[in-house]
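Order of the sequence lines fixes the chain letters, A, B, ..., with proteins taken first and strands second; residue numbering starts at 1 for each chain. Not measured: the values here are computed from a predicted model.
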There are 2 protein chains.
Amino acid sequence: MLGRLNHVALAVPALADAVARYRDMLGATVSAPQALPEHGVTVVFVELDNTKIELLEPLGEGSPIAAFLAKNPKGGMHHVCYEVTDIVAARDRLVAAGARVLGDGEPKIGAHGRPVVFIHPGDMFGTLTELEEV
Amino acid sequence: MLGRLNHVALAVPALADAVARYRDMLGATVSAPQALPEHGVTVVFVELDNTKIELLEPLGEGSPIAAFLAKNPKGGMHHVCYEVTDIVAARDRLVAAGARVLGDGEPKIGAHGRPVVFIHPGDMFGTLTELEEV
């Protein structure tokens, strides 16, 4: 069922500092920041040869990463995202296995404009896990 | 400087449970467990189309992931590993930028038999970051 690793998301308190470090110290190719107000984050993509890292900074009130950064003020690893070909079939398989899908259980349109679900980290050994239909 | 994302490492308290979940619920291809006593872990590779996830369980006394699991008993995201072509040049660039390299600052032979360095998470916005020469 799992295809590619779509991305790894890292929450950071200040994008400008993180961008400078990834670009200047690690020599990475980084995108311009993209504000995604409907998702409560501003994102920068660190483009790697085989996948990407998403650096996330909170945007606006009620950002979904605000609580994480309150607990981890320096930032940290937030989630991983795997690609699947059929998000509804994937969701059904999760539910049948007894895993909790966040929200109301229905796939939502994610930050890339494609349907996603998030699996509760308590059902994935502490790792918040996103599945994205591609 | 950064090449491919070599792997994402996830610490888990019990590999057998994690393997069952990744294989049976997510339909992932998982390797047989490999004991790496010199690195204090047993590892299972979740093979994806573009990279791999390493599920790590502590092995023996003084495992490098024991403290992490004491703090995160359910498990969690432990580190990311990027490929570089010259580990000494990479290390020199980190040090010149003021980042802390774990240990004595010299590259060590990592779990894949290649030279690696780890950057202190406090200098990478809370993310433990490994560089591996390939």
For A:Leu48 and B:Arg4, run side chain to side chain contact (heavy atoms under 4.5 Å, CB included): C-alpha distance rounded to whole Å, both residues' side-chain angles, the deciding distance at 0.1 Å, then the answer. CA-CA 6 Å; A:Leu48 302 169; B:Arg4 299 172 73 256; over 6 Å; no

Heavy-atom pairs under 4.5 Å with chain A are the metric here; pick the option from [options] that has the most.
| options | result |
| --- | --- |
| B:Asp17, B:Leu55, B:Asn72 | B:Asp17 |
| B:Lys74, B:Lys52, B:Met77 | B:Met77 |
| B:Val84, B:Thr29, B:Leu10 | B:Leu10 |

In this structure, would [X] and [Y] fall into the same cluster of hydrophobic residues linked by side-chain contacts under 4.5 Å?
| X | Y | result |
| --- | --- | --- |
| A:Val88 | A:Val101 | yes |
| B:Leu15 | B:Val43 | no |
| B:Leu128 | A:Leu69 | no |
| B:Met1 | A:Val8 | yes |
| A:Leu94 | B:Ile53 | yes |

Can you tell which part of [X] gets under 4.5 Å to a heavy atom of chain B, answering side chain, backbone, both or neither?
| X | answer |
| --- | --- |
| A:Ala96 | neither |
| A:Asp24 | backbone |
| A:Arg21 | side chain |

Count the heavy atoms of every other residue, nucleotide or ligand shown that sit under 6.0 Å from CD of A:Glu61, and state whether that count exceeds 12. no

Going by heavy atoms in the side chains, are A:Met25 and B:Asp123 under 4.5 Å from each other?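 Counting from C-beta outward, A:Met25 and B:Asp123 never come under 4.5 Å.
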
Distance, nearest 0.5 Å, that separates CG of A:Leu2 from CG of B:Asp49: 9.0 Å

If I take atom CZ from residue A:Phe125 and atom OH from residue B:Tyr22, how far apart are they, to the nearest 0.5 angstrom? 7.5 Å

Stepwise side chain to side chain contact (heavy atoms under 4.5 Å, CB included) check, A:Ile119 with B:Leu26: CA-CA 11 Å; A:Ile119 312 172; B:Leu26 295 181; 4.1 Å; yes

Is a side-chain donor or acceptor of B:Asn50 paired with a backbone partner of A:Asn50 at a separation under 3.5 angstrom? yes

In terms of heavy-atom pairs under 4.5 Å, which option from A:Ala11, A:Gly76, A:Gly122, A:Pro13 contacts chain B the most?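 Most pairs with chain B among the choices: A:Gly76.
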
Hey, which of A:Ala97, A:Ala18, A:Ala14, A:Ala28 has the most heavy atom pairs under 4.5 Å with chain B?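 Highest number of pairs under 4.5 Å: A:Ala18.
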
Under 4.5 Å from a heavy atom of chain A, the part of B:Ala90 involved: neither

